[in-house]
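In what follows, every heavy atom counts, from backbone to side chain, and hydrogens, waters and symmetry copies are set aside.
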Amino acid sequence: MENVTRFFSADHLMGRLLQFLLFAAIIVIAKWLTMRWLNRRTREQDAWKRELVPLLGTTLNWLSFYGLLLLFLYYFSKEKWLFYPLYTSGDAEVTVFLILVAILTVSLAQRLVKLFNRLVMSRVYEYYGLESGVTYTFNRMIYYTVMIVALAISFATVGLDLTAAAALFSVLGIGIGFGMRNVAGNFISGIIILFERPVEVGQVIEVNGKFGRVESIRLRSTIVKTATEGSLVVPNQYFIEQIVPNRSGAEIVAEVVIEVTFGQDTEEVERLLYRAADKVIAEKEIEPQGSTTVRFIDFRNEAMVFKVEVPVQNISIKQKIESRLRHAVASLFQEHQIRLASQPIEVKRQ
């Protein structure tokens, strides 16, 4: 009789599992079809409709995720394994059900705070005319505050004593102080950057000779998007300890350093360099942002060093213009028999 009972119980569980998988597949397919329909309808519609599609896609992803989770809890809410105590702390028993509720709480808080910042706080910032760096700082602080509260609620939900959790984090803090000083330093530097704002999202900065735009500031690192080398992940401590040129308000200049052998006509070299710059500008790949400058900057090891500077409109075209300048200089120097120095010489930026 006991074997028969187990057989029917297992058969009933398999039936609920199949039903859950069926409805889960329906939810996923419905979401996929809805997104295809929205993309097709808004492909050639107004701009505001195209902007609405990502928001609807995010909403559908939310509904699908929480729908699957609630569907799972509905079909298996009477199963003993879902409420089997995995850990006991005093009178509290941690079960799979409570862990799922805690995950639901944290993920829901994360999604809601992002939506709140995007739909509500963005309009508040626009109304008061706040700068992008200030708004980014406010958004991050709101996000971290809500997530800390959500984690505290999830700990309480599963029965974890917050006093014990505080003691655990204090022990981890000691470990971080000894074994993870760089991580802790970057974390503190991230907080300093968010409040003092030495660099802000959207600004153009120079990191190790590479120009890029700040995309995001995280607690441990900052993402800098460059024109040719992808994204740079820069530890936050770098911005606190190093001198970081901020090029947002500065003129963007394509510059080329040329070294010619000593004894040649310097006036002729300068004239040819101006011609090379004019030739590149005449190609109309850049919009003139200022006057071209050619300077005789140094003597080094039987060589004379010149620098050509051409203002450009943005960073993305800077390296391309520098390449075109080198092509033009090489052509004119070959034509007029101007000899370059035999060895490259490292020149400090003036």
Side-chain angles (χ1 to χ4, degrees), residues 54 110-111 113-114 117-118 121-122 125 130-148 151 169 172-257 289 307 309-323 344 346-350:
Q110 181 187 28
R111 295 173 185 273
V113 71
K114 287 184 177 180
N117 285 337
R118 181 177 179 181
M121 294 307 297
S122 61
Y125 301 146
L130 298 180
E131 298 178 355
S132 60
V134 179
T135 62
Y136 184 85
T137 300
F138 276 125
N139 284 342
R140 300 312 293 176
M141 298 312 299
I142 292 172
Y143 175 81
Y144 294 134
T145 302
V146 172
M147 291 309 299
I148 290 173
L151 285 172
F169 283 124
L172 289 176
I174 296 174
I176 288 174
F178 285 102
M180 302 179 67
R181 283 175 293 182
N182 288 337
V183 175
N186 287 323
F187 180 85
I188 295 173
S189 299
I191 296 176
I192 293 174
I193 291 173
L194 286 175
F195 280 102
E196 289 191 356
R197 295 185 291 116
V199 295
E200 301 179 7
V201 173
Q203 288 185 338
V204 177
I205 63 174
E206 183 179 354
V207 180
N208 291 335
K210 302 178 181 64
F211 289 85
R213 191 176 301 277
V214 179
E215 279 198 335
S216 65
I217 301 173
R218 303 172 181 173
L219 282 182
R220 193 195 65 83
S221 61
T222 295
I223 308 300
V224 180
K225 179 73 172 180
T226 64
T228 58
E229 301 186 20
S231 296
L232 304 178
V233 181
V234 185
N236 287 330
Q237 209 164 355
Y238 177 88
F239 298 101
I240 305 300
E241 298 177 348
Q242 304 292 328
I243 298 175
V244 181
N246 191 327
R247 303 294 185 181
S248 294
E251 186 179 51
I252 306 299
V253 177
E255 57 184 21
V256 175
V257 175
Q289 304 293 309
K307 179 185 284 188
E309 297 177 335
V310 179
V312 296
Q313 60 265 38
N314 54 55
I315 292 177
S316 61
I317 201 173
K318 177 179 182 294
Q319 292 185 344
K320 183 177 181 181
I321 297 303
E322 290 174 346
S323 175
E346 183 179 353
V347 179
K348 294 183 179 180
R349 307 182 75 176
Q350 301 297 311

Which atom of Val312 lies closest to which atom of Ala254, heavy atoms considered: CG1-CB, 4.0 Å

Residues that Arg140 engages under side-chain hydrogen bond (donor to acceptor under 3.5 Å, both in side chains), provided they are two or more places apart: Tyr144

Thr222 OG1 to Asn236 CG distance, which is reported to the nearest 0.5 Å: 4.0 Å

side-chain contact (heavy atoms from CB on, under 4.5 Å) involving Ser216 - partner list, sequence neighbours excluded: Tyr136, Arg218, Ile223

Sequence-distant partners of Met147, side-chain contact (heavy atoms from CB on, under 4.5 Å), two or more places apart: Val106, Gln110, Tyr143

Closest non-hydrogen atom pair, Val199 against Gln203: CA-OE1, 3.5 Å

pair Val214-Phe239: side-chain heavy atoms closer than 4.5 Å: no

Non-hydrogen atoms of Glu309 and Val253 that approach each other most closely: CB-CG1, 3.4 Å

Listed partners of Lys225 passing salt bridge (Lys or Arg N to Asp or Glu O under 4.0 Å), at least two apart: none

Under 3.5 Å donor-acceptor, Glu322 side chain and Glu255 backbone: yes

Qualifying residues under side-chain hydrogen bond (donor to acceptor under 3.5 Å, both in side chains), relative to Asn139, sequence neighbours excluded: Tyr125

Sequence-distant partners of Leu232, side-chain contact (heavy atoms from CB on, under 4.5 Å), two or more places apart: Lys210, Val224, Thr226, Val234

